[in-house]
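The structure appears below as structure tokens.
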Amino acid sequence: MEMETKYNHQKVEENKYNNWKEKGYFNSGDKNKPPFCIVIPPPNVTGKLHLGHAMNVSIQDIIIRYKRMQGFDCLWLPGMDHAAIATEAKVVKRLKDKGIDKYEYGRDNFLSACWDWTHEFGDNIRSQWAKMGISVDYNKERFTLDEGLNKAVTKVFVDYYNEGIIYRGEKIINWDPEAKTALSNEEVIYKDVEGAFYHLKYFIEGTNDYLDVATTRPETLFGDTAVAVNPDDERYKHLIGKNVILPIVNKAIPIIKDEHADPEFGTGVVKITPAHDPNDFEVGNRHNLERIVVMNPDATMNEFAFKYEGMTREKCREELLKDLEQNGLLINIEPMTHSVGHSERTGVMVEPYLSKQWFVKMGELAKHVLETQEKKDEKVNFVPERFEKILNHWMEISYDWCISRQLWWGHRIPAWYKDDEIYVGMEAPKESGWVQDEDVLDTWFSSALWPFSTLGWPNNSEDMARYFPNDVLVTAYDIIFFWVARMVFQAEHITGQRPFKDCIIHGLIRDKEGRKMSKSLGNGVDPMDMIDEYGADALRFYLTTDVALGTDLRFDEEKVASTWNFINKLWNASRFVLLNIEDLKEARLENLKIADKWLLTKYERIIKSITKHMDKYEFNLAGAEIYDFIWNDFCSNYIEAAKFSIDSEVTKSVLYGVLSGILEMLHPFMPFVTEEIYSKLPFRTSDSLMISNYPKYEEQLIFDNETKSVDKIFEFISLFRKLKLENNIGSDFEVITSLKEDLILNLLKLNDKIVTNSKYNDTLEVVLDNYKIIICYDNSSNSEEEKNALLKEKESLEKSITRRENLLANENYVVKAPENIVNQERENLASEKEKLALVENRLKELGN
RNA sequence: GGGCGAUUAGCUCAGUUGGUUAGAGCACCUGCCUUACAAGCAGGGGGUCUGCGGUUCGAGUCCGUAAUCGCCCACCA
């Protein structure tokens, strides 16, 4: 048995993962066990995993390993997301760097470049998963763009089309001029920007009067087809029905009345650009206004912008303002901050843009979810519960979902056109002349089907029957809108069931100052660096136990280091145990002494409590309790005591039993080091800790009375040490005591210090309940310090006694509080009174 | 404008259904190389739980209210 004195995480974590994998421990499918299933939130194949992923997969692995050890047939299904727009952007850039233009390259070549990218980054992600130690079943790995998922996506599209849930329509959508595609509302991020309110003169036709029209986007005026005033706005009532002359364009457009114009806002007059603003689009519908698109897909101005054609929207604004000013049409510029939508992926300003796209009609789907969430046994249970509100809120406000994307990397829309006809189906129409829609689907459309498409749906697969609905989904709260909401309504409409029973929501990882980690701030931390430095076990334990679920974590490397210390502690405690039980053949919990009973009781209680926490996904609490148990109960108390009886079979058996249990309890959190230590046990029940059993609570190993008295003994030991230290008593002392407890005499190293008559004159009594030791020492220089310590203690005891006496004198308290609480209070009062008496005695001896 | 969360020790965070004198890690102070671990051991100091009001025998915990910070959603011509 050899173990380094210092825990070497690199050595310990090496080679274990592949061994587990090769032995098939990650595989699912044992029909003799009850099923348990989690599907991984598929990471984008765009890059490498960050700390958020590390936290996300750590939580899942903890749950899966815990359930596996409890005898479930666990399927943790891995996979990745093709991430349509994100990946496409990366591949476009990669090609561009090589001097290749996407459109010249062509669709087929481009897609093959995307697949190359996918394989490359897929391998990368898999190797990072391996470093994290996550026990996913690679036999079931899926990709959101693989054949089976494509079939699922197509079927859903076709069915929805036939049900009238999916439709094609011309609407204002969010347009990303960089990626040249439509976006959903969720993919738009609003940022406050310093802009301006440009006040322009719209002359009233045939007069020298003008309306002051304020706009933040003057360049869209080429698409103006009206100006609107509020019907109740007295200032403008007389103008309704007249025309204004559109500046620069010199075209007459009507002044209309519409509720959309807010008399309180700006000048109360609003220009109406139906093709470039969602509100104006609605106004246009109400008044049958023409829709004029004035920009090209790349957000340069088109032919409707006359001489500005070809300019970017920014350049156009600049030039236009100059011209307006020269013509005396610019009244003033009023600086203002307003919020402007930006593309989540490319970061460019989103253009509200009139365009023909495919949409999912949300009304009924959302309503169904809201109804299901009312049903206790059918709803998705959020942990923490408060996040359910986010789901419900999304369902309440949901507008139709724009699902078509003008991209190539993704599921191609199964619609074909021939003249004015549309065909939607699983296969292309047989006749010639049909042309397939060029567009692909929003990446979230396919990931919304993930909980069941990965299990073989729409085929009637065994996996589908066995593992759906999934038991748990784990994700961060920022993804509820994007993904969770869509999985829920898709599953409930398509399968009639919730996608998963429990939805566990964790927080985001920030830097130490609480800022988001980002490339531009340079404050990102690579989980792989942390693993190199402290090991995956330390990182996993830290990420999953430092904060409660749902709360953001401020990443602090020092805490990872301190988790490493904890593992080092476990390592060394194990080293002690293993070095001393090498010859143990079997563990027999017989002839237990009180210290053994004490530890076993604590141990059983920990099992009970940890199990409860694990079942409620309270990993932070489970972590804190096991940490405290190992460090304090097991190491500081039991092992220290065990040193004095290390040759006894009982001690060895208890050390073996409790250490094994500790390894089992800790294994889901830190699989590597626990497996390493487990492999060094003199005998074990299973080849690997991974497939051994999670400890079960055993009532017969609870010894309440012994535990109470040993607790008292440890309390007494602490008191002894404290008083000895407070009174500056070094090693020159003797004791007078009738105590026989080995625990006390051994741990305090008093065996050779017991006398009946001491050579020292000064004494210090250490008393707690029935335990009493008189320390004899030379106090010539210390009496003042002892006196001060005693006075301090006296004061605090008196304070506490008064508090308790008042409490117990309160009849309401005695009558209404539970009996055990009151009794406890009485006991404490009595014991404090005893202590006080002793303190006062001693003070008298010292001459007070 | 609507909603959610947070506010507890110097820092980062726990704190179950209200119940002894509110906990941990790190940092700090004192004393220790005690043969598992000095990345350790034995002790210690440090908090009127953001303010105010209420319910209760009893409030960090429940209710109301105010403040500060953060996030989400909506609006922003």
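Not measured: the values here are computed from a predicted model. Numbers restart at 1 for each chain; the letters A, B, ... are given by sequence-line order, proteins then strands.
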Dump the intermediate steps for side chain to side chain donor-acceptor pair (under 3.5 Å) on D212(A) and Y202(A), then the final yes or no. CA-CA 7 Å; D212(A) 178 346; Y202(A) 281 47; over 6 Å; no
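Using a 4.0 Å cut-off, no side-chain N or O of R386(A) falls inside it from OP1 or OP2 of C4(B). Side-chain nitrogen and oxygen atoms of T551(A) include at least one within less than 4.0 Å of the OP1 or OP2 phosphate oxygen of A14(B).
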All N/O contacts under 3.5 Å from nucleotides 74-77 of chain B to the protein, with atom names and distances to one decimal?
{"residue": "C76(B)", "atom": "OP1", "partner": "N279(A)", "partner atom": "ND2", "Å": "2.3"}
{"residue": "C76(B)", "atom": "N3", "partner": "S339(A)", "partner atom": "OG", "Å": "3.4"}
{"residue": "C76(B)", "atom": "N4", "partner": "S339(A)", "partner atom": "OG", "Å": "2.3"}
{"residue": "A77(B)", "atom": "O3'", "partner": "A214(A)", "partner atom": "O", "Å": "3.0"}
{"residue": "A77(B)", "atom": "O3'", "partner": "T215(A)", "partner atom": "N", "Å": "3.3"}
{"residue": "A77(B)", "atom": "O3'", "partner": "T215(A)", "partner atom": "OG1", "Å": "3.3"}
{"residue": "A77(B)", "atom": "O3'", "partner": "T216(A)", "partner atom": "N", "Å": "2.7"}
{"residue": "A77(B)", "atom": "O2'", "partner": "A214(A)", "partner atom": "O", "Å": "2.5"}
{"residue": "A77(B)", "atom": "N1", "partner": "D262(A)", "partner atom": "N", "Å": "3.2"}

Each nucleotide N or O in nucleotides 29-33 of chain B that has a protein N or O under 3.5 Å away: list the pair and distance.
none

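If you measure from atom CH2 of W394(A) to atom C1' of C4(B), you get 19 Å, rounded to the nearest angstrom.
K612(A) comes within 4.0 angstrom of a base, heavy atoms only. Within 4.0 Å of F566(A), counting heavy atoms only, lies no atom of the nucleic acid at all.
Between the side chain of S660(A) and the backbone N or O of Y656(A) there is at least one donor-acceptor pair closer than 3.5 Å.
Here A39(B) is the nucleotide among A14(B), G43(B), A39(B) with the atom lying nearest to any side-chain atom of N568(A). The N572(A) side chain lies nearest to A36(B) when the options are C73(B), A36(B), G25(B). Comparing C71(B), G44(B), U12(B) by their closest approach to the side chain of K559(A) singles out U12(B). Closest approach to the P818(A) side chain among A36(B), G15(B), G19(B) is made by G19(B) (side chain taken as heavy atoms from C-beta onward). The side chain of R554(A) approaches C13(B) more closely than any other nucleotide in the set A14(B), C13(B), C4(B).
When each of D556(A) and H613(A) is assigned the nucleotide of RNA chain B bearing its nearest heavy atom, the one mapping closer to the 5' terminus is D556(A). When the nearest nucleotides of RNA chain B are assigned to E832(A) and K616(A) by heavy-atom distance, the more 5′-ward of the two goes with K616(A).
Atom CD1 of I801(A) sits about 12.0 Å away from atom CG of N806(A), to the nearest 0.5 Å.
Electrostatic pairing of K559(A) and D546(A) counts as a salt bridge here, judged by a charged N lying under 4.0 Å from a carboxylate O.
Between the side chain of E625(A) and the base of A24(B), no donor-acceptor pair of N or O atoms lies under 3.5 Å.
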What would the secondary structure line of RNA chain B be in dot-bracket form, counting Watson-Crick and G-U wobble pairs under 3.5 Å, with [ ] for pairs that cross earlier ones and | for pairs with another strand? (((((((..((((.....[...)))).(((((.......))))).....(((((..]....))))))))))))....
